[in-house]
Amino acid sequence: MTDDPNVATYKIEDGIAWVSFNRPDKRNCMSPNLNRRMGEILDELEYRTDFGVLVLKGEGTAWSAGMDLKEYFRETEAKGIGATRQAQREAYGWWRRLRWYNKPTIAMVNGWCFGGGYGPLYSCDLAIAADEAQFALSEINWGILPGGGATKVVVDLMPLRDAMYHAMTGELIDGKKASEWRLVNESVPLAGLEARVRELAEVLLKKNPVALKATKDAVRRVKEMTYDNAEDYLIRAQEASNSFDNEGRKEGIKQFIDDKSYKPGLGAYELKKQSA
Ligand code: COA
């Protein structure tokens, strides 16, 4: 096993961190080394102030061909249960970090997306695919159930009949079908994918970052709550947000009510006018 640090890479440009699966010759499948490196990159980036949106993309023809059947499964299992659990911790660990990341995240699904790849796909707040991308829960094709959260991902995102069909047949669906089945927000032709993701990132960059973090967490949290629990959680979450940014909300109200410089129903308030 190589410890090549370049199996995952990033660059920061115009307020966006472009984080890449970077094993194109292996269709970006996730080895223990790649999972460890992704964890390190997420640590390095999370609280930096030179970007506001993280995009997860794949180099080459794949987004990610799922878990590495050789390095993640066969070679790790050969080392015993301790190594297996460690590899799982490292994989699931970075996906969990991403689910609750301090910045908004977008999956830019440029190509193949299989099995274990559904973990980080689900972890990203938003997902835009190429029409040409190909998705499958291929586990059934090589004789296992869709583990590592993949079954949970499709049941959470898709209607039950579609999730069942997808998991039991292992058939490929393209980006358009993935959008129809709600695995991703939308799909666009590959040639326009990056431009569309950039456009979406720019929308997010104009929003109050404290409110964005509170919102993305709230959407995931309330999904499993009763209405009453959600109501209470949202009161507490708003009050907690105020301790990080008590001025943003007041400025948002002021620019609408006093300055009449924008309408919240039609766009975001001007962040720059907010006094420090
Ligand atoms: N695990 C380990 N190796 C993988 C891999 C995976 N999940 N996906 C691709 N690779 C490797 C191939 O073994 C091959 O290695 P080699 O060059 O040393 O022979 C290399 O990546 C290129 O793959 P190849 O199959 O030749 O590319 P392709 O473009 O013809 O096909 C896929 C792409 C993704 C359809 C095909 O590689 C595939 O079916 N991968 C497995 C997908 C899967 O079931 N993942 C679920 C895991 S949970």
Side-chain angles (χ1 to χ4, degrees), residues 1-4 6-9 20-39 56-79 83-96 98-99 107-124 127 129-158 162-178 181 183-184 187 190 193:
M1 192 179 83
T2 168
D3 277 344
D4 178 5
N6 295 318
V7 290
T9 54
S20 293
F21 292 107
N22 189 33
R23 300 178 77 206
D25 55 328
K26 297 289 180 188
R27 305 301 179 262
N28 299 325
C29 64
M30 289 176 273
S31 60
N33 185 32
L34 182 144
N35 290 326
R36 204 167 306 128
R37 188 66 197 121
M38 278 294 191
L56 185 58
K57 58 182 276 217
E59 298 300 330
T61 56
W63 192 68
S64 173
M67 308 319 289
D68 186 320
L69 270 60
K70 180 168 168 282
E71 293 187 28
Y72 180 85
F73 287 110
R74 193 167 63 188
E75 293 177 0
T76 304
E77 283 164 13
K79 291 182 195 153
T84 301
R85 290 286 180 263
Q86 168 154 353
Q88 288 165 341
R89 271 197 307 277
E90 286 174 335
Y92 304 166
W94 78 265
W95 305 345
R96 188 178 309 113
L98 201 54
R99 281 201 298 285
M108 182 171 96
V109 187
N110 48 294
W112 303 113
C113 179
F114 285 100
Y118 285 33
L121 176 70
Y122 178 73
S123 296
C124 289
D131 293 342
E132 296 90 334
Q134 296 282 332
F135 297 76
L137 281 185
S138 51
E139 285 88 340
I140 198 71
N141 292 338
W142 61 278
I144 68 164
L145 64 75
T151 298
K152 173 71 174 154
V153 170
V154 293
V155 169
D156 258 20
L157 295 180
M158 290 178 169
D162 296 332
M164 192 68 90
Y165 187 96
H166 199 56
M168 291 181 72
T169 66
E171 280 175 17
L172 286 168
I173 58 171
D174 65 11
K176 286 183 186 168
K177 181 65 94 180
W181 282 359
L183 252 187
V184 299
S187 80
L190 181 60
L193 179 63

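Note that the structure is predicted; figures quoted are calculated from it, not measured. When a ligand or atom number is given, it counts from 1 through the structure's own listing order.
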Open item on the list: Does the protein come close to atom 44 (O) of ligand 1 - that is, does one of its heavy atoms sit below 4.0 Å from that atom?
Closed with: yes
Task: Any protein heavy atom < 4.0 Å from atom 25 (O) of ligand 1 - done: no
TODO: Calculate, to the nearest 0.5 Å, the distance between atoms CH2 and OG belonging to W112 and S64 respectively.
DONE: 13.0 Å
Open item on the list: Suppose we measure from atom 38 (C) of ligand 1 to each protein heavy atom; which comes out shortest, and what is that distance?
Closed with: F114 CE1, 5.0 Å
Open item on the list: Do M168 and I140 have side chains that approach each other closer than 4.5 Å (heavy atoms only, starting at C-beta)?
Closed with: no
- [ ] Write out all pairs satisfying side chain to side chain donor-acceptor pair (under 3.5 Å) with one or both partners inside residues 144-157, taking only residues at least two apart or from two chains.
- [x] Y122-D156, K152-D156
Open item on the list: Could you check whether any side-chain heavy atom of P146 comes within less than 4.5 Å of a side-chain heavy atom of V154, counting everything from C-beta outward?
Closed with: no
Open item on the list: Heavy atoms only: which of C113, S138, G147, G116 lies closest to atom 46 (C) of ligand 1?
Closed with: S138
Open item on the list: With rounding to the nearest 0.5 angstrom, report the NZ to OG1 distance, K70 to T76.
Closed with: 10.5 Å
Open item on the list: Under 4.0 Å from atom 30 (O) of ligand 1, can you find at least one protein heavy atom?
Closed with: no
Open item on the list: Could you walk me through whether W142 and F73 satisfy the ring pair (Phe, Tyr, Trp, His ring centres under 6.0 Å) test, starting with their C-alpha distance in whole Å, then the side-chain angles of each, then the deciding distance to 0.1 Å, before giving a yes or no?
Closed with: CA-CA 12 Å; W142 61 278; F73 287 110; 5.2 Å; yes
Task: Option set L69, T61, D25, criterion heavy-atom distance to atom 47 (C) of ligand 1, minimum - done: L69
Open item on the list: Quick test: of every protein heavy atom, which one is nearest to atom 4 (C) of ligand 1, and how far off is it to 0.1 Å?
Closed with: C29 SG, 3.8 Å
Open item on the list: Looking only at protein heavy atoms, which one is nearest to atom 10 (N) of ligand 1, and what is the separation?
Closed with: K26 O, 3.9 Å
Task: Nearest-neighbour protein heavy atom for atom 37 (O) of ligand 1, which is reported as residue plus atom name and distance - done: R27 CG, 4.2 Å
Open item on the list: Do L34 and D68 have side chains that approach each other closer than 4.5 Å (heavy atoms only, starting at C-beta)?
Closed with: no
- [ ] Determine, counting only non-hydrogen atoms of the protein, whether one lies under 4.0 angstrom from atom 12 (C) of ligand 1.
- [x] no
Task: Any protein heavy atom < 4.0 Å from atom 6 (C) of ligand 1 - done: yes
TODO: Considering only non-hydrogen protein atoms, determine which one is nearest to atom 41 (C) of ligand 1 and report residue, atom name and distance to 0.1 Å.
DONE: A65 O, 4.4 Å
Task: Nitrogen or oxygen of G66 less than 3.5 angstrom from that of ligand 1 - done: no
- [ ] In plain terms, say whether K26 and E71 are close enough for a salt bridge, that is, a side-chain N and a carboxylate O under 4.0 Å apart.
- [x] no
- [ ] Sorted by first residue and then second, give each side chain to side chain donor-acceptor pair (under 3.5 Å) pair with at least one member in residues 162-175; sequence neighbours left out.
- [x] Y118-H166, D162-W181, Y165-E171
Task: N/O separation below 3.5 Å, M67 to ligand 1 - done: yes
